[in-house]
2 protein chains.
Amino acid sequence: MAQPVNFGPLAHQPAYRLVSEKIRHAIISGDIEAGELLPTETDLAEQFGVTRSTVREAIRLLEHVGILGRADRKRLVVTRPGTEAIGRSVSAAMLMHRVTFEELWQVAMGLEPLAGKLACLSATDAEKQLLADNLVRTREVMADHDALLEVEIEFHNLVAEATHNNALLLARAPLNELFYPAWGAVIRALSPGERILVAHQHVYDAICAGDQEKAEEWMEKHMRDFRRGIEMGNLGFEQPVQG
Amino acid sequence: MAQPVNFGPLAHQPAYRLVSEKIRHAIISGDIEAGELLPTETDLAEQFGVTRSTVREAIRLLEHVGILGRADRKRLVVTRPGTEAIGRSVSAAMLMHRVTFEELWQVAMGLEPLAGKLACLSATDAEKQLLADNLVRTREVMADHDALLEVEIEFHNLVAEATHNNALLLARAPLNELFYPAWGAVIRALSPGERILVAHQHVYDAICAGDQEKAEEWMEKHMRDFRRGIEMGNLGFEQPVQG
DNA sequence: ATTGACATATTGTCGGACAATATGTCAGCA
DNA sequence: TGCTGACATATTGTCCGACAATATGTCAAT
């Protein structure tokens, strides 16, 4: 029996998407470097043969992803999406998927110890110094829950940055965003300042000594502590994270 | 001396951003469920007290991130950003950051073995069956480079899905996108069909047996093979990945 | 129940308009 | 010279109104 011909739906992309794709392609293919200014909307409209409104919609499409930004609230500029932009999108996606703490924690268990390990190989003296400063401040604010949360988050970010691995930085971007409130709750509930400091100290020592195993191991311990904190504080380890 | 008052630049957000934020907030806070239809553009324009053009720009802002999509090329619908949408944004970001294979591989070494391990705990019979089917097909197409690439990628996706961990799925989304071409190059250069099959087989066995350590270990071996493939094929392990 | 004709709703695109604001130019003045 | 202020210009944000293409709903005819 002859298969009835199956015409796939002919994909008539709206113009604003085509324009958006063209610009996007020009950007990620490197034709336009990050930091370069884009032509004005009117120019683009002429070049593509569409109206300014259409160009504007195309631009908006790229704006929230972080590929395009504004230089001085006027001219459009090509930007590298930073961890903030990526963190926003991905964590929004995770929220909508009702990701639980457990799921998130499992990912963190894959990435944070890795960050510790890699930092041993690539941390510069300046970065080690930043970590040392962070430790000092941790000791100072141990009693202040809010401040402790700040330095705690900062420590992890510093370690991640010390890896000089942009892929890792981007991959763990959403963790920051989503763990923030939970971590704060744990700190308020259990005042684990001392334990945090000890773990951080060991990680720092390991990084300075270039001891990958130790860094990995202590990051892991640290994360397990965090998990236990959520469980003990009855914060709902199996519950979806809250925005 | 009295500090001269420092007026921060007053942040006058353009209207389309405000509208976008309102909608975005309504979505991720759960006021609008995924799958629900949004009011029409004209309605939204009235509700917000702006013109349709402005609403449209606001919508575009959310569209590319994946939280808004079209139901039937007409009505707007709230969607959960899937791995494709996230993969696109994040991999674009990674491309612009000139992420190298090495960086990417390091992240994959954090996530893929983890996926193998977790899949041991949560893979359903149906998912195991899918993996089995994949293995059969792998054996069949071992000589065909393109087809081999397909099943190889599929295998990793199946394992990841078997974890039932959405956070993990989203975090590894960009890897798929970016490794794809490289993996293909490795396959074409070295025809490693046999090695791939062996590794997959062991991972599959481990998942069926619930043997976390073995699954993790073989995923790791598999990834190391991949790394060696890139190095041996002179594909530039320290080079930025190509879009 | 299916088909076809027709009105309606909604999106995609266009064109033009104007206010607010940043940029560039140039004369005037210490 | 070097700074200031006035003015024209360019660019973006926002609005309005319009129209074509297409999907949806209704209703009569078969």
Side-chain angles (χ1 to χ4, degrees), chain A residues 4 6-24 26-27 32 34-79 85, chain B residues 4 7-27 32 34-79 85:
Chain A
N6 187 354
F7 294 104
L10 45 87
H12 171 271
Q13 292 279 53
Y16 64 86
R17 287 206 197 175
L18 296 178
V19 172
S20 153
E21 268 316 303
K22 283 245 187 190
I23 298 180
R24 174 194 165 83
I27 290 180
I32 319 180
E36 271 187 67
L37 291 170
L38 240 59
T40 68
E41 298 176 353
T42 345
D43 276 353
L44 289 172
E46 270 185 43
Q47 292 183 30
F48 286 112
V50 296
T51 32
R52 198 160 72 93
S53 328
T54 307
V55 169
R56 284 176 65 83
E57 294 193 33
I59 287 173
R60 298 300 164 256
L61 226 32
L62 302 176
E63 187 173 320
H64 215 303
V65 199
I67 293 185
L68 281 184
R70 236 162 289 316
D72 38 40
R73 163 129 119 269
K74 267 295 205 281
R75 298 295 298 274
L76 274 170
V77 68
V78 180
T79 60
Chain B
F7 295 103
L10 44 88
H12 170 271
Q13 292 280 53
Y16 65 86
R17 287 205 197 173
L18 296 178
V19 172
S20 154
E21 270 313 305
K22 285 245 185 191
I23 298 180
R24 172 193 167 84
H25 188 267
I27 290 180
I32 319 180
E36 272 188 68
L37 291 170
L38 240 60
T40 67
E41 298 176 351
T42 345
D43 276 353
L44 288 173
E46 272 185 41
Q47 291 183 31
F48 286 112
V50 296
T51 33
R52 201 159 71 93
S53 328
T54 309
V55 170
R56 283 176 66 84
E57 294 193 34
I59 286 172
R60 299 298 164 258
L61 226 31
L62 302 176
E63 190 174 318
H64 217 301
V65 198
I67 73 185
L68 279 185
R70 239 166 284 326
D72 39 40
R73 162 131 121 268
K74 266 296 204 279
R75 300 294 298 274
L76 275 169
V77 68
V78 180
T79 61

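On a predicted model such as this, the values are computed, not experimentally measured, just so you know. Numbered from 1 within each chain, the chains take letters A, B, ... in sequence-line order. In what follows, every heavy atom counts, from backbone to side chain, and hydrogens, waters and symmetry copies are set aside.
Legend: residues meeting salt bridge (charged side-chain N to carboxylate O under 4.0 Å, His left out) with A:Glu21, ordered by chain and number and at least two apart, are A:Arg24. Qualifying side-chain hydrogen bond (donor to acceptor under 3.5 Å, both in side chains) partners for B:Thr79, counting only residues two or more places apart in sequence or in other chains: none. Listed by chain and residue number, nothing satisfies the side-chain contact (heavy atoms from CB on, under 4.5 Å) test with A:Glu46 (two or more places apart in sequence, or in another chain). By the side-chain contact (heavy atoms from CB on, under 4.5 Å) test, A:Arg52 is found to be paired with A:Glu41, A:Thr42, A:Arg56, residues two or more places apart in sequence or in another chain being considered. Checked against side-chain hydrogen bond (donor to acceptor under 3.5 Å, both in side chains), B:Ser20 has no partners two or more places apart in sequence or in another chain.
Under 4.0 angstrom from either OP1 or OP2 of C:dT13 there lies no side-chain N or O belonging to A:Tyr16.
Of the residues in residues 38-66 of chain A, those placing a heavy atom less than 4.0 Å from an atom of DNA chain D are A:Thr40, A:Glu41, A:Arg52, A:Arg56, A:Arg60, in numerical order.
One atom, CD of A:Gln13, and another, P of C:dT11, lie 17 Å apart when rounded to the nearest Å.
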